[in-house]
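Atoms within each ligand, like the ligands themselves, are counted from 1 in listed order. In what follows, residues are counted from 1 in the order of the sequence shown.
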Amino acid sequence: MNQRIQHDGVLILGAGLAGLTAALAAAPRRVLLLSPTPLGEGCSSAWAQGGMAAALADEDSPALHARDTIAAGAGLCDPEAVAVLTGEGPDAVRALADLGAPFDRTEDGGFSQGLEAAHSLARVARVGGDGAGRAIHEAVVTAALAAPHIEIRTGLRARSLLQDAAGRVRGALVEDDAGALTEIVAAATLLATGGLGGLYAVTTTPREVRGEGLGLAALAGAVIADPEFVQFHPTAIDIGADPAPLATEALRGEGAILRDQTGRAFMTAYHPAAELAPRDVVARAIQSEQLAGRGAFLDATQAIGEAFPHEFPAVFAACQAAGLDPRIQPIPVTPACHYHMGGIATDLDGRTSLPGLLAAGECASTGVHGANRLASNSLLEAAVFGARAGAVLRDAVAPVTEPLPAVPWPDLPGGALAGLRQAMSHQAGVVRDGAGLTDLLARIETLRELHGEGPVLTAARLVVACALERRESRGGHFRRDYPGAQPARRTFITLAGLDARKVAAE
Ligand code: SIN
């Protein structure tokens with residue numbers, strides 16, 4: 001029999017920007033917020049280098065920001081969700097500044113904003129050049145630690161969602177570092193567990209982020225949206241590190257050039273916008289150059305040069321740790337899994353298809369990113385939709401039903417996970433095809449038979465099965481066997497639906 005805690009408030013799983021913002025917005029409702037890792041570790045939002053895109057400048061507007069977001073999303077954005085994101089964006093940035101996030105400022109006290117790919121003007125509010133994620137996260141952690149309504153516990157990992165007989169989510173079964181299991185029952189549960197970069201061998205995200213929230217929700221019966229859409233950042237630093245350090249897109253915004261090993265600038269051969277082409281185009285161009293044996297390097301020696309340590313301290317430190325000096329040397333780069341556009345389907349306030357369960361941040365799919373996320377829209381989404389979900393949590397009514405007994409889903413052993421990560425990078429990566437995806441799906445089936453299906457395998461299965469079903473190329477999903485686009489459609493799927501399709505195909 002597991003130990004049980006009957007909490008008198010709401011439960012939040014995840015201590016990134018979305019979870020913490022939701023916790024603050026839920027005041028005065030009591031919040032229990034759990035994180036598997038120490039605060040600031042294991043969450044992608046604290047690693048973000050770019051910043052927050054928002055229409056803060058006089059010459060900008062939410063409508064212009066929405067237009068760029070929808071253009072990047074390649075036909076799959078939900079315009080209503082985009083209008084919320086871009087309309088509430090400026091206030092979300094100002095709210096974080098009020099909490100103490102030290103955004104870079106212009107001389108007259110406005111927000112200093114940089115240019116990133118596929119934005120029609122400089123719109124990205126930054127902190128210390130490339131330190132936005134850490135600084136914003138620190139400000140929100142400080143506020144959450146000081147808030148009397150929030151209790152934060154680390155070292156606790158969700159192993160299953162608790163549900164009552166009608167399927168309503170009633171909390172979570174969590175495991176501590178010593179393996180002890182506790183059922184935490186609460187009025188409502190918010191998943192803010194991040195993306196799935198750790199499912200890929202080459203990723204810019206923390207390794208711990210492996211799609212668990214997505215998998216837990218899917219295993220509980222939630223509708224999942226667009227799982228096949230994974231974004232690969234073109235310029236992870238290629239030094240064989242796991243995870244791979246990021247060389248922010250802002251470097252290209254400042255004029256850094258992509259070259260092959262002979263020094264040839266190659267991006268103009270792939271897209272008229274060259275280095276500022278959409279992320280998926282740049283990622284495929286780099287992969288093509290690598291496969292042709294020419295290599296890919298980001299040359300910031302002219303555009304940034306001596307200013308590098310001051311303007312991009314995080315990238316500079318990563319280069320230095322690898323024995324590279326980006327002031328005088330081009331940086332070797334490679335595409336890496338960076339962001340999951342798909343996720344647990346939510347409405348505009350974070351509600352999922354399961355009563356009692358909400359989701360926010362990267363594990364959610366609000367519909368704002370479509371097939372390809374616009375740069376620096378992810379911290380913004382976490383802040384805007386985290387706050388909206390927090391308002392729902394504040395008013396959540398505690399149900400009278402009891403949760404059914406829960407058992408932890410099986411874990412994937414380390415060796416099996418390592419093999420899966422390699423296969424995901426090769427067969428469900430920047431360029432996909434039917435043969436590779438079919439082979440990968442068979443591998444996932446074998447792992448299910450050997451180890452049982454847990455949330456990590458579920459997340460991988462959703463990505464791969466839906467990538468196989470999407471016989472077209474769009475945004476972050478490129479099929480070499482189907483390079484053209486079909487009429488736009490979003491994917492909405494449950495595990496039961498996926499299994500039914502499998503049976504029908506057999
Ligand atoms: C970057 O700094 O290049 C990443 C920004 C983002 O993913 O939005």
Side-chain angles (χ1 to χ4, degrees), residues 16-18 43-54 65 68-69 72-73 85-86 89 92-93 103-104 113-119 122-137 194-197 200 203-206 209 229-238 243-256 258 275-283 286 298 300 303-304 308 311-319 326 331 333-341 361-362 368-370 372-384 475-476:
L17 183 58
C43 78
S44 304
S45 42
W47 289 20
Q49 291 182 354
M52 289 179 81
H65 185 188
D68 291 346
T69 299
L85 177 83
T86 56
V93 175
F103 286 99
D104 296 345
Q113 291 183 278
L115 181 66
E116 290 185 8
H119 285 276
R123 175 183 288 135
V124 180
R126 301 204 183 124
V127 183
D130 58 10
R134 183 145 309 279
I136 292 169
H137 192 257
L196 46 63
Y200 283 81
T203 179
T204 61
T205 74
V209 183
F229 288 103
V230 177
Q231 185 170 72
F232 298 89
H233 197 288
T235 59
I237 305 178
D238 192 11
L246 182 67
T248 174
E249 186 158 304
L251 291 160
R252 279 175 285 130
E254 295 291 321
L258 283 162
E275 273 69 15
L276 294 183
R279 235 170 230 192
D280 60 303
V281 175
V282 183
I286 289 177
L298 186 62
I304 299 159
F308 210 119
E311 287 189 11
F312 296 98
V315 183
F316 188 72
C319 288
I331 306 166
V333 289
T334 191
C337 178
H338 184 62
Y339 190 83
H340 192 208
M341 274 78 71
E362 193 174 342
V368 295
H369 302 307
N372 203 10
R373 177 178 62 89
L374 184 65
S376 288
N377 265 356
S378 52
L379 292 184
L380 188 70
E381 187 200 29
V384 167

- Message: Less than 4.5 Å apart, side chain to side chain, heavy atoms only: is that true for T235 and T334?
- Response: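 A side-chain contact is absent here, since even the closest heavy-atom pair is not under 4.5 Å.
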- Do V384 and V368 have side chains that get closer than 4.5 Å, going by heavy atoms?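 Sidechains of V368 and V384: no contact.
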Which residue and atom name correspond to the protein heavy atom nearest [atom], and how close is it?
atom                   : answer
atom 8 (O) of ligand 1 : S376 N, 2.6 Å
atom 1 (C) of ligand 1 : T248 OG1, 3.4 Å
atom 6 (C) of ligand 1 : R279 NH2, 3.2 Å

Considering the heavy atoms of [X], write down every atom of ligand 1 situated less than 4.0 Å from one of them.
X    : answer
E249 : 1 (C), 2 (O), 3 (O)
A375 : 8 (O)
H338 : 4 (C), 6 (C), 7 (O)
G50  : 2 (O)

- Is the shortest distance from a heavy atom of Q231 to ligand 1 less than 4.0 Å?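 Checking ligand 1 against Q231, which is what was asked, there is no heavy-atom contact under 4.0 Å.
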- Query: OG of S376 to CD of E116: how many Å apart, nearest 0.5 Å?
  - Reply: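 So the gap between those two atoms works out to 3.5 Å.
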- Can you tell me how far CG of L374 sits from CZ of R123, rounded to the nearest 0.5 angstrom?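 Spacing of CZ (R123) from CG (L374) equals 7.0 Å.
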- Please check if the distance between the ring centroids of Y339 and H369 is under 6.0 Å.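 Centroid distance Y339-H369: below 6.0 Å, so yes.
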- Item | Side-chain H-bond candidate by donor/acceptor type, Q113 with R126, under 3.5 Å |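 Their side chains do not contain a donor-acceptor pair, so the 3.5 Å distance test is not met.
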